[in-house]
Amino acid sequence: MKKGYWLSLVLVLSGCILHAQSNTGYLYISYRISVKENKKATLAAESYDGATKNIFISGDRARIRLVSLMRTQSLYYFTNDQNRQAVIVKESGKQKEQATLSADGWKKYNADFDGAACVIMKETVKILQYNCRKAVIMLKSGAQILVYYTDEITNSVFPAAEPMFGCIPGIVLKYVYTTKSTTTSYTAQQVSQDKIAEKVFELN
Amino acid sequence: MQQEGKIFERLSNHETPPPPGLESRIMSAFENSRPATETPGELPGLEGLAEIVTDPPSAVTATILGNYFDHSTKQSFFRAHRWKFFAAASVIVVFILFYATSTQRQEKARLLAGDKKNPVIAPAEKTTTGLQADPLPTDTVVSGRIISGPATKNHRFSINGQYAALQQNEIWYSLLGQDDQQQGAWPSLPQKTTILLRIDEFTQVQLSPAMAAAINETRETKKNGKPSFRAKRTRRKLEKLKQREESFFRIQKNNNPLNPIQLSKFMDQ
């Protein structure tokens, strides 16, 4: 009885230490976008092959930034602002664009992922140094997104800023979407929980 | 005197055997003289010694008893709390293992960041178009660094380590948007290797060989220095693609390039 009590205490304490260290309120993930053409190579696909998607999260704010050959675009997400849930800024090119989305606008903007269901698989892989579990997101349209997520990092803003992963119980480090013509994969190249400067979240 | 000494020496070496039967007579007489209870090989009088009782000195007794009780207490305390000791030791071991792992992780992340570092702050002097040999500044890996990546606008990017001006904050325009005269200053992009374009500390874009070949085609010239037919054709094709991309992902249309489904729609068109 005593043995069991002390062993449980050890496990609980160890778990607390590990869990506390994995959530600093900051999260930075850099994904590399890779496009493989299943049929004929097109310049449109080539122009996005090798692009980068960065996610910055600090407290209740997030910034998702896409940099490709033809476009640099950021999405600023604010958890606690119903009137200004998100701001989209096209940073590149002659014509800079900016649009503000209310909570309703944000919902419409992500309508593709409404009612999505997740199927968690048994298969696991290691991405960077994190153990990841495979899952499939089943969209209402019938499309499927294959994801690999880790529960070793936690962040409550991540699924809110990325509604596509709303039903995934962790942080997604790789996801793949396949059509008849192309397979687009997003793979984490770097994950960090270091402090992120305030100016990263300032609207340009 | 010397003769006397020799006599004694001879006498000392002299040996005469006893008369026959004397030895056996002596031994039988000795055997008959021992009591019947005594066993052979046992010395007489030991039984009497076993009955003698002597108390040890009181100081010695106290020391021995004290030692016995102290030792007993220590052993029982350890036995009673051995699971606590085990638990404490396990927590310490887990903490040390976790600390070592997290330190390694941070070090790896820092090394990765250090390896990919690129100056975020634009150079003081005005950058010019075309590729320029400009060595990367030495990286300084600071512990507990703060991510400050894309907030500061960058006015240049690097192609496989060489800097070029980032015009209109767009790689596409920087590579293709120049007029004919400016284009002459650009060397051909390598096509066999992957081309890495670094935008800032956290952003690098890979240029595929097919895209590098298309960009190189737009720089082909005739003998008179004017763009070749193939260069013009490829440029038109790329400009058309750019217009289509701008139109498809216009913010007002609610099409999101961060959405893989909508991005695939654009690429599959």
Side-chain angles (χ1 to χ4, degrees), chain A residues 2-3 6 9-10 13-14 17-18 21 28 30 35 41-54 56 64-73 75 88 90-94 97 99 108-109 112 129 143 145 164 175 177 179 181-182 184 186 190 192 194-197 199-200 202, chain B residues 83-84 86-87 90-91 94-95 98 102 105 108-109 112-113 116 144-153 168-173 175 194 199 202-208 210-211 214 237-238 241-242 244-246 249-252 254 256-264 266-269:
Chain A
K2 269 190 171 180
K3 287 180 192 176
W6 285 108
L9 186 69
V10 169
L13 281 172
S14 316
I17 292 166
L18 294 170
Q21 291 292 329
Y28 160 69
S30 180
V35 183
T42 63
L43 278 176
E46 293 286 338
S47 70
Y48 271 92
D49 185 23
T52 296
K53 174 187 169 182
N54 291 330
F56 301 87
I64 305 172
R65 191 177 192 237
L66 171 78
V67 181
S68 70
L69 273 182
M70 292 192 279
R71 176 177 295 262
T72 301
Q73 185 163 314
L75 187 149
I88 305 158
K90 181 176 173 280
E91 300 171 28
S92 61
K94 282 181 186 174
E97 289 179 273
K108 281 177 192 169
Y109 195 65
D112 282 342
Q129 71 268 36
I145 301 169
M164 179 171 40
Y175 56 106
Y177 180 66
T179 65
S181 309
T182 53
T184 312
Y186 300 69
Q190 199 179 341
S192 162
D194 288 340
K195 189 179 179 183
I196 302 171
K199 59 183 176 181
V200 172
E202 285 171 6
Chain B
W83 288 109
K84 289 181 187 174
F86 174 72
S90 304
V91 169
V94 167
F95 181 76
F98 175 74
S102 92
R105 207 180 284 174
K108 195 178 172 185
L112 275 171
K116 291 175 181 174
R145 74 197 175 94
I146 297 173
I147 293 170
S148 60
T152 314
K153 282 197 173 180
Q168 295 185 5
N169 202 32
E170 188 180 273
I171 306 165
W172 187 265
Y173 185 83
L175 291 174
T194 306
I199 313 303
F202 302 97
T203 314
Q204 56 182 11
V205 175
Q206 280 186 14
L207 199 61
S208 71
M211 189 52 80
K237 201 193 282 182
L238 291 174
L241 172 68
K242 171 70 173 160
R244 186 162 73 82
E245 198 269 355
E246 291 273 356
F249 289 120
R250 194 168 295 284
I251 290 177
Q252 283 73 21
N254 261 6
N256 179 7
L258 288 162
N259 179 334
I261 295 158
Q262 290 172 6
L263 179 62
S264 293
F266 164 72
M267 292 189 296
D268 294 351
Q269 270 183 355

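All chains are named by letter (A, B, ...) in the order of the sequence lines, taking the proteins before the strands, and each is independently numbered beginning at 1.
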Give me the atom names and distance for the closest heavy-atom approach of [X] to [Y].
X         : Y         : answer
Tyr175(A) : Pro260(B) : CE1-CG, 4.1 Å
Ala51(A)  : Val205(B) : CA-CG1, 4.3 Å
Met267(B) : Ala45(A)  : SD-CA, 3.6 Å
Ser68(A)  : Ile171(B) : O-CD1, 3.9 Å

So for [X], is it side chain, backbone, both, or neither that comes closer than 4.5 Å to the heavy atoms of chain B?
X        : answer
Gln73(A) : side chain
Lys94(A) : both
Thr42(A) : side chain

Enter the distance from [X]:[atom1] to [Y]:[atom2] here, rounded to the nearest 0.5 Å.
X         : Y         : atom1 : atom2 : value
Ser47(A)  : Trp172(B) : OG    : CH2   : 6.0 Å
Asn259(B) : Asp112(A) : CG    : CG    : 5.0 Å
Asn256(B) : Ile88(A)  : CG    : CD1   : 6.5 Å
Ile64(A)  : Leu258(B) : CD1   : CG    : 6.0 Å
Tyr109(A) : Gln262(B) : OH    : CD    : 7.5 Å

Are the side chains of [X] and [Y] in touch, meaning some heavy atoms are under 4.5 Å apart?
X         : Y         : value
Arg71(A)  : Glu246(B) : yes
Pro257(B) : Leu66(A)  : yes
Lys90(A)  : Phe249(B) : no

Ignoring hydrogens and geometry, is there a side-chain-to-backbone donor-acceptor pair from Asp268(B) to Ser181(A) under 3.5 Å?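 Such a contact is absent between Asp268(B) side chain and Ser181(A) backbone.
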Is the side chain of Lys242(B) donor-acceptor paired with the backbone N or O of Met70(A) at a distance under 3.5 Å, no angle test?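 Looks like yes, one N/O pair under 3.5 Å.
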I need the residue from Thr52(A), Leu69(A), Thr179(A) with the largest number of non-hydrogen atom pairs under 4.5 Å to chain B.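 Looking at each option in turn, the highest pair count goes to Leu69(A).
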Side chain to side chain contact (heavy atoms under 4.5 Å, CB included) evaluation trace for Asp49(A) with Met211(B): CA-CA 10 Å; Asp49(A) 185 23; Met211(B) 189 52 80; over 6 Å; no
